[in-house]
Amino acid sequence: MKHKIAYLFILLIVVIISANSCRNKESGWNTNLLAPIATAELSIANLVSDSMLTTNSDNSLNLVYKNTIYGFDFSKSLIDIPDTGISKAFRLDSLKLPQQDFNVRFSLGQLCRQLIASGSAGSVFLGNTIISRNGGFMVYPALTGLTVPATNYDASLYFREIDLISGFMDGWIKNGFPVTIKNVHFQVRNQIGGEVVIDDIIDSIAARDSVFRVYNLSGQHVEGQFTFQLINFDTPGSYGVNAPVDTSDQFELDFRIFGFRASSATAVFPSIDVLASTEDVTQEIQGGAKLTYIEAEEGTLHIYIASSVQEGLTLTYTLEGAYDKMGRPLRVSSFVPPAPSTTTPSRIDRVFDLSGYSIDLTGKDHNTFNTYTQTINARVDSSGIERTITSSDSLTISYSLENIKPRLIKGYAGRDTLTIGPETSNFDFFKNILGGTIGLDDVKLSMSLENGIGVEGDLVIEQFTAKRNTSSVALAAPSVMNTRIRVNKANEFPFRTTQTNIALNKSNSNITRLFELLPDRLEYAMKVYVNPNGNDGTYQDFVNANSKLNVNLNMELPLSLVANNLTLKDTLDFNIGNSLADLESIKGGAINLIADNGYPLEANLDIIVYDEYGGVVDTLLKNYTISAAGLNSSCRVDASKKSYDKIVVSESRMDNLKRAYKAVVIAKFSTKSNQTACNSYLKIYSDYKLKLSLTADFRYNINAKF
Amino acid sequence: MTRKRFYSLFSMRLISIVALWIGISNSLAYAQTTIDTILSNQILFDNNQLSIQPVLNQSWDFQHKKNCLTIQGAFYNQSNAVNTQVAHALLFNSFIDETIKERTFKKLRTTNGYEDEARWSLQYGHYSPKLKLAYFFHYTYRNMRQMVFNKESFEFVFAGNKMFEGDTISINDLQFRYVAYNQLQFGLSKTITKANHRVVIGAAISVLQSPQYLHLSADRSSIYTAPYGEYLDVKYNMQAEQANNGAPEFFSFKGTGMSADMHVSYQKNQNWMLRFNVFDVGFIKYSNEINSYKGDSAIKFEGIVIDNILNFTTPTIFKDFKSDSLFKILNIENSKKSFIYIHPVTFQLCFSKSIIHNKGMISIGIQHKTQSKYYPYVWSKFSYACKHHFVPSVSVGFGGYSYYNLGIDLTKRIRICDVSIGSTNILGLFIPQHFTSSSLYFRASFVF
């Protein structure tokens, strides 16, 4: 703005200058710049990672290739725990009722009043006499046919009525009177139904003595309200001697009822255990494996309960010998609500996560295999409401261990033969080589069997073939092929894999020929014999989730070779882009490519640039030859050789290159015939380098604004 | 007395003092205007300092007309080597083709100079009979470039380094400076007349505000370009300050400063006059947000080193060529710091003699600037007052950064307005491809 204001006053010069400006829309000026853009040193180390390169004592190089061509995951194929499920119905006959106690008391005074009330002259007289002599002594006469009126008792607080499968009543019958009583006949009757539950006659009970009686109530119908009656008893009297008179002396019965197992009961049930069961469940595991222990990576415990009991139940499931990582046992509880009716059971369905649990599989006696031990307890939770439970009521429990995926198993893994292949594995070591031939002085291949499984085995390699396109070379190694190779088990504590190495070289195999094929895939077939010697009785096999048997290839390829148009292809990012304003100023020119080759290999380069859709944008280089460095008398390069080429880049070509997305480099390497005079194979040394320099020879527009 | 009242009185006194100072300054400024317009003839918008229009400027008779309003603009460029066509192309952003460059290359000497300046201004002057002083207020926008360079530097910049493949470019005594600023000036002058003698003394002081500044200097530097451009051997000893990057705001205060002008003249009758002027004694201080670059080192540059040629993307290379990375490669120290620009001072001495019965006037003068490689500029000018208040003039000059200059200007009074248009090198305007200097100026003054 300020310039415009100033130049308003020098209009004339503006006209003059603009007249010149209008003739050319460009501004600034063009310069011819010649400057380095980039430089890079390319060595074998750039082509391969450090871990793939080793240096010999004479500084010659080896290529090292390590790869796992096969990995056998035993944790998937060997450890297959089938789902385990059990369904069991529990009936009410297992129902137990608690012990109940009751007492009957009858005093001498009460007996006297019964005598007086009888109206018989003798009885009245005797009754009055005893009462009158209370606190003193008298001679008791012999009496027979004495009775005591029935007395009602109410135990309905415990149950109203019950049909017993089994049950007992026992107790002490104490004679507190000062005289012997005989022929004691008493009855216990249901108060409402009138059924006699107990009817017993005791021959004699000495004065101040007692007897113990047990009564079997099995099959009886017992009501909670019952009547006790002393139907008859006799006394021989005091045999003519004075005996003390105390009207508070009592005839006592102290009874308890116990061991009730009911087929039907109506009661306000208290909280009581109704079920307790411990049992082993054994699984059959394929392959003859006998497992003593597993650690679950994942899995679930699935419990399904159906109850027709019209009372709430608490069910507790315990998988014995199962503990989580914190050492807590696997115990799960579920509440089963009362069934709405006997025909409509209540149901619950629960799933519990078993991840991380370790489980003992030796059974409750710890002397078996593949066996879970589980305990189920059920307890009625009292609701305070009177319920009727019959023998048709049931409790059905189904539980299953599902989708158990162990991360560790122990025991005996079984004896098996596993067949592997024929399978094909990609071999990418020569992936960038398009064609040509290579002669290798030697190849050292170590086939390493790395066993991370706590199981012994034998490996037999039946086939090992290198393939490229339709060509193939089969490994010929008599000492290795079709031979049982023992693979020792891994060590559990501390965990350590075992290694079994099979060395192949040009002296014991045709391995050199195998890799001169420049294979892109390897085909193999193997057999693995698991526990070839059977069960040794130690049950120390183990397999965990990471247990693998890997077949690794460790290849060492000395870079001593003969190459004939060995063609490598690689794809590089090549994106100049449109956003770089600086490039807009480039008005064409050339890019100089300077190669300073320190390798005794001649290279022939093509660089083709593609757009993002795969269309060819440009061929930057075609048959650009990088001359091989010469060799001295020691067959080593001591002076690099420079080669030059120019890529002409016009302004339109520059615009075209802005569409570039990828560059494909195709390089053909050859050892020259005159160099082979040194040896049939040329060694590549660590100090060999190819220095590449890109320089710009551009016409560059400078648009400086002052 | 309360503190508040104390501050109030103190402030009023301070304002009074400032007002008095401004009044004096204005008087001085007005005197300068008077000097410029009456005697020195538009020296503020003509940096060749040729005195023109001596007759009409004297016509502002402030005894009768108390006010004068002037608007003016000027541009000039001069060099001993760079074609005016190149200068104009750079200034007006047009294209410099190979032909233009070749013409310049042929003129290049071992050491070359170039300068230009564009300015426009608005000025108001007033004469106070009470104080017997003329004072003025003057606003000017100025932007100027000055450059000293050797032949190879120019060829390198305008032709590139390819022509030096396998050879070395030497860069010695390279100086480039660009500065633009707003100037707010106050001045006064006093005219003392006694018999036939008249002495005018004037002075002015300016506040400068600069939004843009760029300076580059390099010495004992060289660039060797290897065959095929395989590498560059660069030795450099350079320093640069840059205040124009991203700061084109007209009124931004990246730099502020002050300057002073002074004028003395003696005139006898209408016969002759001797004048002495000193301009632009001052400085601009730039704040610490200014980029400063310094480097004194030598490197062998082989391009961006790519660690892994098989794993790079092309834009990375070009990204690495961005200035920050380049500075790093060249080990150029970049810092933010303040610095002071000392303005080149201009000295002028001029003698004018009235001839042809006071209808004509001839002047000779000499001017010098405190700029590197600047040679004293000597000039002479003849003016003649024709009928109808029309005054044509012609001038010749030598020195400075130029060779010879042939100038012409035309002035015409139209009622209360004097209009002037002219050039100190008319040939450079119309044949820029063959001349290395040009100028153009315009002025309109209104008296009332």
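Given the structure is predicted, the values throughout are model-derived calculations rather than measurements. Letters go in sequence order (proteins before strands), and every chain restarts at 1.
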Open item on the list: Please report the interatomic distance CD1(A:I37) to CD(B:E302), rounded to the nearest 0.5 Å.
Closed with: 14.0 Å

- [ ] Quick one: pull up OG1 in A:T31 and CG in B:N161 and give me the separation to the nearest 0.5 Å.
- [x] 8.0 Å

Task: Heavy-atom contacts under 4.5 Å, residues 151-159 of chain B to chain A - done: B:V157, B:F158, B:A159

Open item on the list: Using the rule given for side-chain contact (heavy atoms from CB on, under 4.5 Å), can you reason through A:L34 versus B:F164, listing the C-alpha separation, both sets of side-chain angles and the distance that settles it, and then say yes or no?
Closed with: CA-CA 9 Å; A:L34 183 60; B:F164 295 96; over 6 Å; no

Open item on the list: When you compare the side chain of B:F95 with that of A:N701, does any pair of heavy atoms fall below 4.5 Å?
Closed with: yes

Task: Spacing of B:K101 atom NZ and A:N30 atom CG [to the nearest 0.5 Å] - done: 6.0 Å

- [ ] Output yes when a side-chain donor or acceptor of B:K162 lies under 3.5 Å from a complementary backbone atom of A:F698, and no otherwise.
- [x] no

Open item on the list: Using a 3.5 Å distance criterion without hydrogens, assess whether the side chain of A:T695 forms a donor-acceptor pair with backbone atoms of B:Y228.
Closed with: yes

TODO: Give, as side chain, backbone, both or neither, the part of A:L33 having an atom under 4.5 angstrom from any heavy atom of chain B.
DONE: both

Task: Pairing residues for A:D596 by the side-chain contact (heavy atoms from CB on, under 4.5 Å) criterion, not counting sequence neighbours - done: A:S640, A:K642, A:K691

TODO: Any chance you could measure A:W29, atom CH2, to B:I100, atom CD1, to the nearest 0.5 Å?
DONE: 12.0 Å

